[in-house]
Visitor: 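Right, I'll just put the structure down here and ask away after.
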Protein chains: 2
Amino acid sequence: MSTPILSPLSFYKCLSDDTRLKALMLIYLEKELCVCDLITALELSQPKVSRHLADLRKCHILLDERRGKWVYYSVNPKLPEWAMKVLELTAHNTEAYLNDNITNLNMAKQSECCP
Amino acid sequence: MSTPILSPLSFYKCLSDDTRLKALMLIYLEKELCVCDLITALELSQPKVSRHLADLRKCHILLDERRGKWVYYSVNPKLPEWAMKVLELTAHNTEAYLNDNITNLNMAKQSECCP
DNA sequence: GATTGACATTCGAAAAAACATATATATGAT
DNA sequence: ATCATATATATGTTTTTTCGAATGTCAATC
């Protein structure tokens, strides 16, 4: 029954790293993504992506769900409304920042990573 | 004529420190504050406050204006609209986080720091 | 049950950020 | 000119964050 406590400071600390911010924006825009999608979209090593996703998970911004071999990440719908709106504003005003990654992601979706 | 470029990453890096986030929220809520107000409100040393204000100034989130002996800081009205809305959402949803500092600030305002 | 694929975690090093202290500058008053 | 006050910057140090590489775990398949 308790809503997860998310201090504004820990929220913004999560957004203050390039990998975390981009991963979060992509997941927000796509509703959910698996780790292999993000590795391709961000062009980063698997441990690096995984570590930053863990940060976002630990402060309850993201949820993870294993389905078979893959782990899917999505934005926690229980996020405070103000935080959700911040994500919305950011995602829709950072096209240039995300451009390359979205291109990579679309290519990833057409390949054979995850179903 | 050019609007100042503010990448989402550098914006959120500025918000990811306790001193900077609180100072920015207080300045946003009060329209403008001088350094001595912030020293009292945040209960921090002068160089520490000054250094973090400089960070916020350097990425164009804050403007500074000297009036006599005092330097007043305010939110840059040329901030991108999405960023301004993020400040609005944050300021009005972090009462508990700012509570003590607002109390301190009101006491500061009644004392003899700046006019 | 051994292996493979997808992902997570640990560890030590390197880089970045934050700190306290000292010093500099700018303004107004004496 | 000198001094006090308000603020900024510079410097050396400590703390935090990030990273790559290696290793561990879990589920599916052979």
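Within every chain, numbering begins at 1; the chains are lettered A, B, ... in the order of the sequence lines, protein sequences first and strands thereafter.
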Visitor: I need the CG-C1' distance between D18(B) and dT16(D), as an integer number of Å.
Guide: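 These atoms are roughly 15 Å apart.
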Visitor: Contact list please: residues 26-40 of chain B against DNA chain D, heavy atoms, distance less than 4.0 Å, in numerical order.
Guide: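 Those residues are C34(B), V35(B), C36(B).
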Visitor: Is there side-chain contact between V35(A) and Y72(A), with at least one heavy-atom pair below 4.5 Å?
Guide: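 Contact flag for V35(A)/Y72(A) side chains = no.
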Visitor: Rounded to the nearest 0.5 Å, how far apart are OG1 of T19(B) and CG of L56(B)?
Guide: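 Between T19(B) OG1 and L56(B) CG, I get 10.0 Å after rounding to 0.5 Å.
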Visitor: How would you give the extent of chain B contacts on DNA chain C, as first and last nucleotide 5' to 3' within a 4.0 Å heavy-atom cut-off?
Guide: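 On DNA chain C, the outermost contacted nucleotides are dA18(C) to dG28(C).
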Visitor: I need a per-nucleotide contact map over nucleotides 19-30 of chain D, read 5' to 3'. Cutoff is protein heavy atoms under 4.0 Å; write B for the base, S for backbone only, - otherwise.
Guide: BBBB----SS--
Visitor: Is a side-chain donor or acceptor of S50(B) paired with a backbone partner of Q46(B) at a separation under 3.5 angstrom?
Guide: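 Side chain of S50(B) to backbone of Q46(B): no pair is present.
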Visitor: For C34(B), enumerate each residue passing the disulfide (SG to SG under 2.5 Å) test, keeping only those at least two apart in sequence or located in another chain.
Guide: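 Partners of C34(B) under the disulfide (SG to SG under 2.5 Å) test: none.
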Visitor: Could you name each residue pair satisfying side chain to side chain donor-acceptor pair (under 3.5 Å) that touches residues 24-33 of chain A, not counting sequence neighbours?
Guide: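 The answer is Y28(A)-E88(A), E32(A)-R67(A).
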Visitor: Let me know the distance between NZ of K58(A) and P of dT17(D), rounded to the nearest Å.
Guide: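 For the pair K58(A) NZ and dT17(D) P, the rounded distance is 13 Å.
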Visitor: Roughly, in whole Å, what's the span from CG in D55(A) to C1' in dT18(D)?
Guide: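 Taking CG of D55(A) and C1' of dT18(D), I get 10 Å after rounding.
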Visitor: Identify, with sequence neighbours excluded, every residue that meets ring pair (Phe, Tyr, Trp, His ring centres under 6.0 Å) alongside Y73(A).
Guide: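 For Y73(A) there are no ring pair (Phe, Tyr, Trp, His ring centres under 6.0 Å) partners, ignoring immediate neighbours.
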Visitor: Determine the sole option in R20(A), K22(A), R57(A) for which the side-chain hydrogen bond (donor to acceptor under 3.5 Å, both in side chains) test with H52(A) is passed.
Guide: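 Testing each of R20(A), K22(A), R57(A) against H52(A), the sole residue satisfying side-chain hydrogen bond (donor to acceptor under 3.5 Å, both in side chains) is R20(A).
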Visitor: Does a side-chain heavy-atom distance below 4.5 Å link L53(B) with I27(B)?
Guide: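 When only atoms from C-beta onward are counted, I27(B) and L53(B) do touch, with a gap below 4.5 Å.
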Visitor: So which atom in L6(B) and which in C59(B) form the shortest heavy-atom distance, rounded to 0.1 Å?
Guide: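 That closest heavy-atom pairing would be CD1-O, 3.5 Å.
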Visitor: What's Y73(A) touching, base or sugar-phosphate or nothing? Going by heavy atoms closer than 4.0 Å.
Guide: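 Here Y73(A) touches the backbone only, sparing every base.
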Visitor: Does a salt bridge link D55(B) with R51(B), judged by any charged N lying under 4.0 Å from a carboxylate O?
Guide: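 R51(B) and D55(B): not salt-bridged.
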